[in-house]
Trainee: 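The following block contains the structure, expressed as structure tokens.
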Amino acid sequence: MMTLQEVFWVHKPKYITRATVRQLDHQLSPNKMFVVTLLAVIPAIINAHPFDELHQYVDDHVEDYVEALRQWVAVESDSSDVTKRPDLHRMMDMTAEKLKGMGAEVEMVDIGTQELPDGTTLPLPKVVTAQIGNDSNKHTVCIYGHVDVQPAKKEDGWATDPYNLTDIDGNLYGRGASDNKAPVLAWIHAVEAYQALNLDLPVNVKFIIEGMEETGSNGLDSMIVAKRDTFFSDVDYIIISDCGWLSRRPALTYGTRGNCYFFAEVEGPKQDLHSGVYGGTVIEPMTDLIGILDSLISPSGKILVPGIREAVAPFSDEEWKMYQDIEFDVDTYKSKIGIDQLMYNNKVDLLAHRWRHPTVSIHGIEGAFSASGSKTVIPAKVIGKFSIRQVPDMDPAMVKKQVTDYLHSVFTKRKSPNKLTVTMIIGAKPWLADTKHPLYEAGIAAVKRVFQVEPDLIREGGTIPIARTFQDVTKKNIIMLPIGGFDDGLHSQNEKMSRYNYIEGTKLFISYLHEVAEIK
Ligand SMILES: C[C@H](N)C(=O)N[C@@H](Cc1c[nH]cn1)C(=O)O
Ligand SMILES: [Zn+2]
Ligand SMILES: [Zn+2]
């Protein structure tokens with residue numbers, strides 16, 4: 001006769017823990033009334049809920065999780081600053097070590113070099129891939145995240161040192177805390193919790209953690225293509241947690257905008273000039289640049305580049321209805337960002353322009369005088385940096401041509417002797433998922449278990465450059481399962497991750513792994 005332990009591992013009831021089975025087996029196997037007793041205990045065993053055990057484990061390890069985040073935030077892994085590249089390499093090593101420490105099969109994949117504007121090359125940070133579990137009877141999920149960050153300096157207006165995680169009133173402040181270090185750690189801790197309690201992981205788990213997301217995921221597309229028939233061959237689903245909720249209500253994300261990032265360089269005299277001595281005689285590169293940048297968008301937010309607005313997929317009644325039902329308070333939004341007047345006054349228009357319309361943002365001008373104080377200079381060469389967020393059905397290749405042709409035509413009308421060069425350095429496509437896919441049902445169930453509410457189904461205005469490549473190359477379904485708060489201040493001063501979102505988010509991931517395993 002089978003022991004109770006064997007019976008249960010064969011039939012795998014939903015909520016059984018190994019510990020419970022071992023204990024009962026020890027108590028019951030000598031009993032001649034085995035079958036009768038077994039029938040009697042089944043309901044009790046089925047109700048033995050490992051989530052309580054797992055969630056308790058998470059609650060017991062909060063300070064360890066905060067310490068792990070502190071160590072990661074301390075690394076200035078800014079992918080946009082080449083002088084920080086050694087820190088970025090160290091960050092990738094730390095990520096690999098953490099995954100190795102939990103018994104994962106880890107590889108650090110060399111994705112080549114990056115060409116800098118001066119023609120020199122620099123090694124890209126290696127991509128960390130990892131695998132935990134290889135059971136062909138289970139689904140396999142691949143969790144994607146990034147451990148590079150946006151630039152941050154205390155002088156930018158941070159209240160605390162951006163690289164020293166600071167705990168104030170339950171919020172953990174630090175660059176990269178929410179984007180994307182805490183969510184990556186939360187996934188690792190979710191898997192660790194199963195392991196620590198000797199619970200069978202419900203699915204096989206793979207990780208892909210990169211270090212160039214914030215600059216457009218350089219080198220990652222080709223790695224995905226190269227690994228399509230190896231690393232990805234047994235992956236069923238891809239999970240990304242690199243975005244935030246829209247309100248205090250948890251959310252599942254089904255779309256991201258893409259991004260086309262441009263450099264417009266205007267070159268004039270061979271060096272900077274005294275504005276008193278030369279001003280009025282030279283045609284200034286900065287004036288030309290401001291003129292062409294001003295031609296991109298009207299004060300009311302209308303994109304003026306011909307062809308861009310025409311490419312946008314129409315806004316359907318169904319979408320309008322969906323947006324109408326989403327929890328989003330316009331006044332809270334305004335007060336969180338500290339403005340009285342927005343481009344639009346109503347919720348639906350605001351959400352639509354945040355998620356499913358393109359927009360132009362002007363980010364900065366390299367070569368322009370920007371320090372405090374007054375310098376009377378005519379900069380000789382300036383590079384305007386702007387981006388256009390992409391939505392269905394825009395095509396970055398088309399946008400590149402539209403923007404380049406348009407800026408040259410505006411520049412030509414100025415009859416300037418200066419030289420204009422337009423380059424598109426990032427061309428990331430938008431991504432959209434099918435919310436009817438069981439991955440989303442699983443997300444709803446996991447959110448309900450942990451937060452006792454239905455999640456909102458939302459889109460993300462930001463870009464996860466690799467999302468669309470994952471979809472197009474691997475043909476796997478993707479879900480975005482955010483745990484960031486709506487007010488985390490990504491890319492901004494005083495970025496934070498709340499303890500609540502970090503810890504309850506870890507529990508959400510624990511539950512989600514279980515729900516994904518249930519997908520037929
Ligand atoms: C949403 C994600 N956390 C993020 O911040 N992505 C960046 C990626 C990007 C796009 N262009 C350049 N970098 C973003 O949306 O800005
Ligand atoms: Zn991110
Ligand atoms: Zn980011």
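Indexing begins at 1, ligand by ligand and atom by atom, following the structure's order.
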Trainee: Side chains of K181 and S77: donor-acceptor distance under 3.5 Å anywhere?
Mentor: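 Checked: K181/S77 side chains pair up, N/O donor to acceptor below 3.5 Å.
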
Trainee: Report, in ascending order of atom number, the atoms of ligand 1 lying under 4.0 Å from any heavy atom of G462.
Mentor: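 Per the distance check, 15 (O).
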
Trainee: So for ligand 1, is E460 a polar contact partner (N or O within less than 3.5 Å, distance only)?
Mentor: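 The answer is no, given that E460 and ligand 1 share no N or O pair closer than 3.5 Å.
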
Trainee: May I ask whether Q150 has any heavy atom positioned less than 4.0 angstrom from an atom of ligand 1?
Mentor: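 So Q150 does not count as touching ligand 1.
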
Trainee: Which part of N259 is near ligand 1, with near meaning a heavy atom under 4.0 Å away: side chain, backbone, both or neither?
Mentor: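 It is the side chain that gets close, since no backbone atom is under 4.0 Å.
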
Trainee: With atom 12 (C) of ligand 1 as the reference point, say which of I425, N180, I426 has the nearest heavy atom.
Mentor: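 Comparing heavy atoms across I425, N180, I426, the nearest one to atom 12 (C) of ligand 1 lies in I426.
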
Trainee: Identify, with sequence neighbours excluded, every residue that meets ring pair (Phe, Tyr, Trp, His ring centres under 6.0 Å) alongside F369.
Mentor: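 Result, ring pair (Phe, Tyr, Trp, His ring centres under 6.0 Å) vs F369: none returned.
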
Trainee: Starting from atom 8 (C) of ligand 1, what is the nearest protein heavy atom, named by residue and atom, and what distance separates them?
Mentor: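 The closest heavy atom on the protein side is T463 O, 3.3 Å.
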
Trainee: Apply side chain to side chain donor-acceptor pair (under 3.5 Å) to T463 and N259, showing your working.
Mentor: CA-CA 6 Å; T463 304; N259 201 13; 4.7 Å; no

Trainee: If you count every heavy atom of other residues, nucleotides or ligands that lies below 6.0 Å from N345 atom CG, does the total exceed 12?
Mentor: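 No, CG of N345 has 12 or fewer neighbouring heavy atoms, counting only those of other groups under 6.0 Å.
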
Trainee: Non-hydrogen atoms of L490 versus ligand 1: any pair closer than 4.0 Å?
Mentor: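 Distance cut 4.0 Å: L490 fails for ligand 1.
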
Trainee: May I ask you to check whether T215 has an N/O atom sitting below 3.5 Å from an N/O atom of ligand 1?
Mentor: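 Among all N and O atoms of T215, none is under 3.5 Å from an N or O of ligand 1.
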
Trainee: Taking 2.8 Å as the distance threshold, tell me the number of protein N/O/S atoms next to the Zn ion (ligand 3).
Mentor: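 The number of such protein atoms is 4.
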
Trainee: Could you tell me if any non-hydrogen atom of D242 lies under 4.0 Å from any atom of ligand 1?
Mentor: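 Yes, D242 has a heavy atom closer than 4.0 Å to ligand 1.
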
Trainee: Under a 4.0 Å heavy-atom limit, does R389 contact ligand 1 with its side chain, its backbone, both, or neither?
Mentor: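 Contact part for R389 vs ligand 1: side chain (C-beta onward).
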
Trainee: Does any N or O of ligand 1 fall below 3.5 Å from an N or O anywhere on D179, backbone included?
Mentor: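 The answer is yes, given that D179 and ligand 1 share an N or O pair closer than 3.5 Å.
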
Trainee: Using heavy-atom distances only, which candidate in H146, M480, E214, M212 approaches atom 13 (N) of ligand 1 most closely?
Mentor: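 Going through H146, M480, E214, M212 one by one, E214 has the nearest heavy atom to atom 13 (N) of ligand 1.
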
Trainee: Can you tell me if S387 and H363 form a side-chain donor-acceptor pair at under 3.5 Å?
Mentor: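 A pair is found: one side chain offers a donor N or O, the other an acceptor, under 3.5 Å apart.
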
Trainee: For the residue pair H61 and E192, confirm or rule out a side-chain donor-acceptor distance under 3.5 Å.
Mentor: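 Not at all, the side chains of H61 and E192 share no donor-acceptor pair under 3.5 Å.
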
Trainee: Among the heavy atoms of R257, does any lie under 4.0 Å from an atom of ligand 1?
Mentor: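 No, that is not the case, since the closest heavy atom of the residue is not under 4.0 Å from the ligand.
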
Trainee: Does a side chain donor of either R468 or Q390 reach within less than 3.5 Å of an acceptor in the other side chain?
Mentor: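 Note: R468 and Q390 side chains miss the donor-acceptor criterion.
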
Trainee: Please identify each residue that fulfils side-chain hydrogen bond (donor to acceptor under 3.5 Å, both in side chains) with E327, with sequence neighbours left out.
Mentor: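 Applying side-chain hydrogen bond (donor to acceptor under 3.5 Å, both in side chains) to E327 gives R249.
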
Trainee: Is there a donor-acceptor pair closer than 3.5 Å between any side-chain N or O of R389 and the backbone N or O of H357?
Mentor: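 Not a single qualifying donor-acceptor pair exists.
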
Trainee: Could you state the interatomic distance from CZ (F315) to OH (Y323), rounded to the nearest 0.5 Å?
Mentor: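 With rounding to 0.5 Å, CZ (F315) is 5.0 Å from OH (Y323).
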
Trainee: Residues in side-chain hydrogen bond (donor to acceptor under 3.5 Å, both in side chains) with S361, at least two apart?
Mentor: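 S361 satisfies side-chain hydrogen bond (donor to acceptor under 3.5 Å, both in side chains) with no other residue.
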
Trainee: Over 60° means perpendicular and under 30° means parallel, so tell me whether H139 and Y237 are parallel, tilted or perpendicular.
Mentor: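 Geometry flag for Y237 against H139: perpendicular rings.
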
Trainee: Give the C-alpha distance, both sets of side-chain angles, the deciding distance and a yes or no for side-chain contact (heavy atoms from CB on, under 4.5 Å) between W431 and R257.
Mentor: CA-CA 7 Å; W431 164 82; R257 290 197 287 192; over 6 Å; no

Trainee: Could you tell me the residue and atom name of the protein heavy atom closest to atom 5 (O) of ligand 1, and the distance to it rounded to 0.1 Å?
Mentor: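 Checking every protein heavy atom, the shortest distance to atom 5 (O) of ligand 1 gives H491 NE2, 2.8 Å.
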
